[in-house]
Amino acid sequence: MNLKPDIHLYKKAIEISELIKKKELSVRDVVNYFLQKIYQKDGSIKAFLYICEKELDEQIEQIQKGVNNGDFGNSYLVGVPIAVKDIIATKGIRTTCASRILENWIPPYDATVIRKIKELGIPIIGKTNLDEFAMGSSTENSAFFPTRNPYDLSRVPGGSSGGSAAAVGSGQVLISLGTDTGGSIRQPASFCGIVGLCPTYGRVSRFGLVAFASSLDRIGPMTLYTEDCAALLYHIAGYDKYDSTSSSVPVPNYLEEIRKMWSDVESGKKVNFVAGLPKEFFVDEVDTRIKDVIYSSVRKLEEIGFRIEEISLPTVKYAVPIYYIIAPAEASSNLARYDGVKYGLRSAEADNVFSMYKKTRTQGFGDEVKRRIVLGTFVLSSGYYDAYYLKAQKAITLLKQDFQKAFEKVDFILGPVSPELPFKLGEKSQDPIKMYLSDIFTIPSSLAGLPGISTCVGFVPEDGAKLPVGLQTIGKPFDETGILFVSLCLEKIIPR
Ligand code: GLN
């Protein structure tokens, strides 16, 4: 007789982890369960670039030993496998950035988030697909293959963390890590019907995250449920001496905090928060079906006590152009290191050092990455630096002031994550500007360094599929607790 609990009855990673700690399930039971899911589903979704079959045995054994010894008492997620975007360095495991130039790169060290995850007994089940070097919004820029949307295989999962989003959205894992520079956690989370949180800049160490635009890059959790998101963020956040931009602001226990706040709501206490709807986020260009879903979610928040105000963020109309100066500028500098000398691809066809540089970079980088390097080199070049880069920096200051002003009146800013539903593969891949406009609502808070979360709040029927819609909540600096609470409220009041 099998008295073990059925894993599929437990939807949250934190619940499954409890069962492991109580020894009602073994780490192997759980990891095997999710491996089977991957084998069943990933043939069509293609979320993974690498599945850690070889590495898992040792991880499982070590973690189980720890569990048996009563270690990991402080881990909410022990034993529950995580998928990691393949731009985060994993010692001994290939980290490609979905680029030919790093196709065979095996990092000699772990990123800080990976070290933490290992210390908490969270097994790494695989590395997920992305747009090359995280540049893109559809995962079609992967040098290897595109990932598909779990709700409609003819559509994109969003990007650049499309693999991490699709892996969770299709139930192959419950938790994953993504990265967000201009929307790459939030937009794919929205497209795949999951929760994705981009923390305040500095909240999570970037050490071991392969750099795209260092002043904007962030690592964050992607999960099916808000509570798992809170637990995972709690586990990865905090100061790190290896990242000089990481913050020493204390890390609250997000999970405990939001649970307490929600239990107050349940016991009849009215929520006492004000949320702002920026009129710039509800313009004609946004699909009306998305607007309808967002407005109806906002009304439900009102019913539990949120007060809603219209606000304005006048500078957000410049956010996309600002971003496409700053991000490529930093990328052009960060990507200069891939020259065939120290690591990664080296072209075999070159006969001198200059042609080696040129051929390596020509063969190793895809079109979008090359476009950004050229753009970035141009805006930083002498004579243009002041006109573009410096001006864009000044414009960021104005954008930050818009947000500061808004946050004097409101606690949160709400709006859509994306102006449109998940689009078809190939629909925008030939038109970079169209693709760039996908991130029109996520880029503003990226430039301002603010935390944002995407929560699935509904579905829209289209071509026989139902396509998810994400609501974005932007918070004050370091108010991850607040935006997680809004996300939890949405999850509780909007039945899925
Ligand atoms: N889609 C945006 C870009 O292409 C954002 C990417 C990201 O956040 N990594 O740059």
Side-chain angles (χ1 to χ4, degrees), residues 84-88 97-99 128-143 146-147 156-165 176-191 196-199 201 204 206 209-222 319-332 334-335 365-376 379 392 417-420 422-423 427-454 470 472 474:
V84 176
K85 186 177 182 180
D86 204 24
I87 192 167
I88 299 174
C97 300
S99 180
T128 58
N129 201 13
L130 63 150
D131 288 296
E132 185 176 7
F133 284 102
M135 298 175 190
S137 306
S138 67
T139 316
E140 291 165 293
N141 293 339
S142 165
T147 296
V156 303
S160 62
S161 311
S164 286
S176 68
L177 286 180
T179 69
D180 193 312
T181 303
S184 280
I185 288 177
R186 292 161 286 161
Q187 184 255 23
S190 171
F191 277 20
L197 185 145
C198 173
Y201 185 78
V204 174
R206 286 183 297 111
L209 164 60
V210 178
F212 158 17
S214 315
S215 75
L216 305 169
D217 295 341
R218 308 179 215 171
I219 299 177
M222 304 179 80
V320 171
I322 299 170
Y323 175 86
Y324 279 97
I325 292 172
I326 301 292
E330 294 186 20
S332 71
N334 276 324
L335 271 57
F365 289 135
D367 287 348
E368 184 59 29
V369 174
K370 285 178 186 153
R371 182 178 295 122
R372 307 251 180 144
I373 292 174
V374 172
L375 266 174
V379 299
V417 175
S418 159
E420 67 216 332
F423 45 90
E427 193 178 321
K428 293 178 199 280
S429 45
Q430 296 315 314
D431 187 340
I433 301 285
K434 256 197 186 158
M435 188 73 88
Y436 296 171
L437 287 172
S438 257
D439 301 315
I440 185 161
F441 300 137
T442 48
I443 281 177
S445 60
S446 293
L447 294 172
L450 300 168
I453 192 168
S454 170
Q472 178 176 213
I474 300 169

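Order of appearance sets the numbers: ligands from 1, and atoms from 1 within every ligand. From a predicted model like this one, the values you see are computed outputs, not experimental measurements.
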Checklist entry - Is the count of non-hydrogen atoms from other residues, nucleotides or ligands lying under 6.0 Å from Lys370 atom NZ greater than 12? => result yes
Checklist entry - Which distance, rounded to the nearest 0.5 Å, do you find between the CZ of Phe133 and the OG of Ser160? => result 12.0 Å
Checklist entry - Would a distance-only check, ignoring hydrogens and angles, find a side-chain to backbone donor-acceptor pair under 3.5 Å from Asn334 to Phe212? => result yes
Next on the checklist: Could you tell me if Glu420 and Ser438 have a donor-acceptor pair between their side chains, going purely by distance under 3.5 Å?
Outcome noted: yes
Checklist entry - Does the side chain of Asp86 come within less than 4.5 Å of Asn129's, by heavy atoms? => result no
Next on the checklist: With a 4.0 Å heavy-atom cut-off, what residues sit around ligand 1?
Outcome noted: Ala134, Met135, Gly136, Ser137, Ser160, Asp180, Thr181, Gly182, Gly183, Ser184, Phe212, Tyr323, Tyr324, Arg372, Asp439
Item to check | Test item: Glu368 side-chain N/O and Gly136 main-chain N/O as donor-acceptor pair under 3.5 Å | outcome: no
